[in-house]
Structure formats: C-alpha cells, structure tokens
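In what follows, a single structure is set out as structure tokens and then discussed.
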Amino acid sequence: RTMTLQFWLGFLAYLVPLFPLAYAWHLKTFKPAYDRLEMFREDVIVPMGLASMALQGLFFSWVFPKLFAGPSWVMNGLTFALVFGVVGWSFMVLPVAAKYRMTSVPKFIALETAFVALQFLVTGLLIALVYRP
C-alpha cells in the first residue's frame with residue numbers, strides 16, 4: 001500500500017463508522033434523552049456534522065502515522081483513542097456543558113462522555129489497523 005492509499009483508507013476508517021454511529025447515537029437511540037436535555041435544534045443540519053467529521057478524518061489520518069508508530073497496532077489504536085479521546089472530550093463535552101442551556105449538565109456529560117469514548121475507541125482501532133506495521 002502506498003502512503004496515499006493508506007491516508008485515504010485511514011480517512012475512511014474514521015468517517016465510515018463514525019457517521020452512522022453518531023447519527024444513530026444522537027438522532028435515534030438516545031434521541032429521547034437528548035430531547036429531555038432540551039438543547040438540540042429540531043432541524044439538525046446533518047451535512048454540517050458530516051463536514052466536521054470529514055475534516056477530523058483528514059487530520060487524524062494525516063497525524064496518526066506521525067504520532068503512533070509503535071510495533072503493536074492495537075496499542076497504537078488504544079493510545080490514539082486515549083490521547084485524542086481526552087482532547088476531543090475537552091472541546092466536545094466540557095465547553096458545551098459550560099456554555100449551553102440544558103436541563104441536566106451531569107446527564108449531558110454522561111451521554112457525551114460515553115459517545116466520545118466509543119467514537120475514539122472504534123475509530124482509533126480502525127485507523128491503527130490501516131496503519132499497522
């Protein structure tokens with residue numbers, strides 16, 4: 001595999017599982033819980049979410065081989081999940097909970113923390129699989 005092919009496969013390893021996971025999590029499975037939080041707009045703009053994920057996927061596929069090049073692809077994926085999961089949580093959960101109106105900050109933090117953990121665990125292992133030594 002060439003680096004270019006690996007880059008695009010890494011991008012797809014992030015985007016392809018994340019979009020349906022995020023859609024199902026926020027707009028189907030836990031929609032009633034988010035509705036009770038009274039913080040989402042009724043007309044969620046799905047293409048903006050997809051564009052955000054695409055930009056993240058481009059960045060993560062570019063940075064992964066530069067930062068996570070150990071001999072074990074599983075450890076590389078888990079380390080990626082931990083590092084970027086914490087970073088992601090710091091800007092996807094904490095500031096939203098701090099700034100936006102919602103009926104329960106602890107419930108929002110619990111829901112979104114679980115989502116962020118799952119997001120980075122799944123995508124980290126898949127990107128690591130693409131970039132495995």
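As the structure is a computational prediction, the values presented were derived from the model and not from experiment.
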Does [X] reach the side chain of [Y], with side-chain heavy atoms less than 4.5 Å apart?
X: Leu125; Y: Leu129; answer: no
X: Met39; Y: Val96; answer: yes
X: Gln119; Y: Trp25; answer: no
X: Phe59; Y: Leu55; answer: no

Got a second to check how far [X]'s [atom1] is from [Y]'s [atom2], nearest 0.5 Å?
X: Leu15; Y: Leu126; atom1: CG; atom2: CG; answer: 12.0 Å
X: Ser72; Y: Leu78; atom1: OG; atom2: CG; answer: 8.0 Å
X: Leu94; Y: Lys99; atom1: CG; atom2: NZ; answer: 11.0 Å
X: Phe30; Y: Arg36; atom1: CZ; atom2: CZ; answer: 10.5 Å
X: Lys107; Y: Leu37; atom1: NZ; atom2: CG; answer: 8.0 Å

- Task: State which residue, out of Tyr14, Tyr131, Trp8, fulfils the side chain to side chain donor-acceptor pair (under 3.5 Å) condition with Ser61.
- Result: Tyr131
Check the hydrophobic clustering (I, L, V, M, F, W, Y; side-chain heavy atoms under 4.5 Å; chains of links allowed) and say if [X] and [Y] are grouped together.
X: Met92; Y: Val105; value: yes
X: Phe11; Y: Leu5; value: yes
X: Tyr23; Y: Val44; value: yes
X: Leu82; Y: Trp73; value: no

- Stepwise, does the side-chain contact (heavy atoms from CB on, under 4.5 Å) test hold for Glu112 with His26? CA-CA 9 Å; Glu112 284 298 285; His26 293 98; 2.8 Å; yes
- Query: Which word best sums up how the rings of Phe120 and Phe80 line up, parallel for under 30°, tilted for 30 to 60°, or perpendicular for over 60°?
  - Reply: tilted
Locate the shortest heavy-atom distance separating [X] from [Y]; write the atom from each residue and the value.
X: Leu111; Y: Ala33; result: CD1-CB, 3.7 Å
X: Val130; Y: Gly10; result: CG1-N, 3.6 Å
X: Pro133; Y: Pro71; result: CG-O, 3.5 Å
X: Ser90; Y: Pro95; result: O-CD, 3.0 Å

- Message: Run the side-chain contact (heavy atoms from CB on, under 4.5 Å) test on Asp35 and Phe40 for me, step by step, so that the C-alpha distance in whole Å, both residues' side-chain angles and the decisive distance to 0.1 Å come before the verdict.
- Response: CA-CA 7 Å; Asp35 287 347; Phe40 283 174; 5.7 Å; no
Backbone of [Y] reached by a side-chain donor or acceptor of [X] within 3.5 Å:
X: Thr103; Y: Glu38; answer: no
X: Ser52; Y: Met48; answer: no
X: Asn76; Y: Gly70; answer: yes

- Verify whether the ring centers belonging to Phe64 and Phe68 lie closer than 6.0 Å. yes
- Message: With a 6.0 Å cut-off on the ring centroids, do Phe115 and Tyr34 count as close?
- Response: no
- Message: Out of the candidates Ile127, Thr123, Leu67, only one should pair with Phe60 under the side-chain contact (heavy atoms from CB on, under 4.5 Å) rule; please name it.
- Response: Ile127
- Task: Would you list the pairs meeting ring-ring contact (aromatic ring centres under 6.0 Å, His included) in which at least one residue belongs to residues 85-110, sequence neighbours left out?
- Result: none
- For Arg101, check salt bridge (Lys or Arg N to Asp or Glu O under 4.0 Å) against everything at least two apart and list the hits. none
